[in-house]
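Atoms within a ligand are numbered from 1 in the order they appear, just like the ligands themselves.
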Amino acid sequence: MALWAVRSAQAQDVPPVARQFLRCHEEEEARHLKQFELLLGTSSQGKTALPRMPSQWKILAVQLYGYETLGLEFARLLVGLRPDLASILEDEEGHVGFFEQEVRHILIQDGPAAKGARQAAKAWRRRLPRTVDRYLSDVSLAPFREGLRQHILDVIDERFLAVGLLTRLESGKRDGQGFGF
Ligand SMILES: [Fe+2]
């Protein structure tokens, strides 16, 4: 789900264990992309520019965790329609699990790294509604768009709250509404 971000992340300053994980992660995301392309009859081979990713691990780990939680929700939707693609869901659960552990490790240090990670989560969460809208922009999703959008935002808020990246006040859950972006 996040092939280009994962590829770009490997050029950053990441701990050895994460570098090793990102290599396998990239292979899995590349395989998923091929499966999607076969399914949809499209090709993304023209894409060459990699997205700019943060160089600091405390910020990069939070962003990858965020994008993987988002990818996991889309994988759940996909497998609901295509149970034969369950291996994608298993891979995505593995990716989320790895970055969640890394984020916990950063937060447990409780110093500037933890503070930086929480700030990164707040900024990422603020941009999330627009990202989700972009992913749900296909006309075929129109009848489900509002429900899916809220569901995805709620699930990610719950994860970020549970892991300690956001407080309830900072998530979109404070009054049952999103940020309104
Ligand atoms: Fe993934």
Side-chain angles (χ1 to χ4, degrees), residues 1-40 42-45 47-107 117 120-121 123-125 127-138 141 148-149 151-160 162-163 165-166:
M1 292 278 176
L3 175 62
W4 314 108
V6 171
R7 199 164 278 172
S8 175
Q10 288 174 75
Q12 312 305 327
D13 184 19
V14 301
V17 64
R19 187 169 300 282
Q20 206 176 2
F21 178 82
L22 285 167
R23 261 199 297 270
C24 302
H25 187 178
E26 181 183 342
E27 283 169 24
E28 287 174 359
E29 299 293 1
R31 201 168 58 235
H32 298 171
L33 184 63
K34 273 205 190 82
Q35 285 173 288
F36 286 128
E37 287 177 351
L38 277 174
L39 211 64
L40 303 170
T42 58
S43 169
S44 59
Q45 277 174 1
K47 176 146 187 161
T48 49
L50 295 180
R52 271 238 294 262
M53 295 301 283
S55 59
Q56 294 179 56
W57 179 237
K58 64 181 181 234
I59 298 174
L60 183 57
V62 167
Q63 287 200 6
L64 289 171
Y65 178 50
Y67 286 121
E68 289 302 323
T69 54
L70 192 52
L72 177 60
E73 286 317 301
F74 279 97
R76 278 194 221 286
L77 290 173
L78 174 72
V79 171
L81 300 168
R82 290 285 307 260
D84 55 313
L85 297 176
S87 67
I88 292 183
L89 183 59
E90 284 167 28
D91 288 346
E92 293 304 322
E93 281 168 346
H95 302 164
V96 170
F98 177 82
F99 291 108
E100 187 164 282
Q101 200 181 0
E102 288 298 310
V103 165
R104 280 187 201 281
H105 184 69
I106 292 166
L107 293 179
W124 188 85
R125 175 59 182 87
R127 296 193 299 271
L128 182 61
R130 273 172 291 180
T131 309
V132 173
D133 285 346
R134 210 168 51 239
Y135 288 178
L136 295 176
S137 62
D138 193 276
L141 293 171
L148 281 175
R149 180 183 197 271
H151 170 75
I152 290 168
L153 293 176
D154 285 349
V155 167
I156 292 176
D157 276 339
E158 283 306 328
R159 267 198 183 269
F160 274 31
V163 83
L165 274 173
L166 292 180

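- With respect to the Fe ion (ligand 1), Glu29 has OE2 as its nearest N, O or S atom.
- For the pair Glu27 and Arg31, the salt-bridge criterion is not met [side-chain N within less than 4.0 Å of a carboxylate O].
- Looking only at N/O/S atoms, Glu92 comes nearest to the Fe ion (ligand 1) through OE1.
- Note that CD of Glu92 is 10.5 Å distant from CD of Glu73, once rounded to the nearest 0.5 Å.
- The N, O or S atom of His95 lying closest to the Fe ion (ligand 1) is ND1.
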Where do Leu22 and Leu64 land on the side chain to side chain contact (heavy atoms under 4.5 Å, CB included) test, with the steps shown first? CA-CA 10 Å; Leu22 285 167; Leu64 289 171; 4.1 Å; yes

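- Distances from the Fe ion (ligand 1) to the N/O/S atoms of Glu68 are shortest for OE1.
- One distance of note links CG of Leu60 with CG of Asp13; it measures 9.5 Å at 0.5 Å rounding.
- Asp91 lies apart from the Fe ion (ligand 1) in this respect, since none of its N, O or S atoms is found at a distance under 2.8 Å.
- Between Leu33 and Trp4 there is a side-chain heavy-atom pair separated by less than 4.5 Å.
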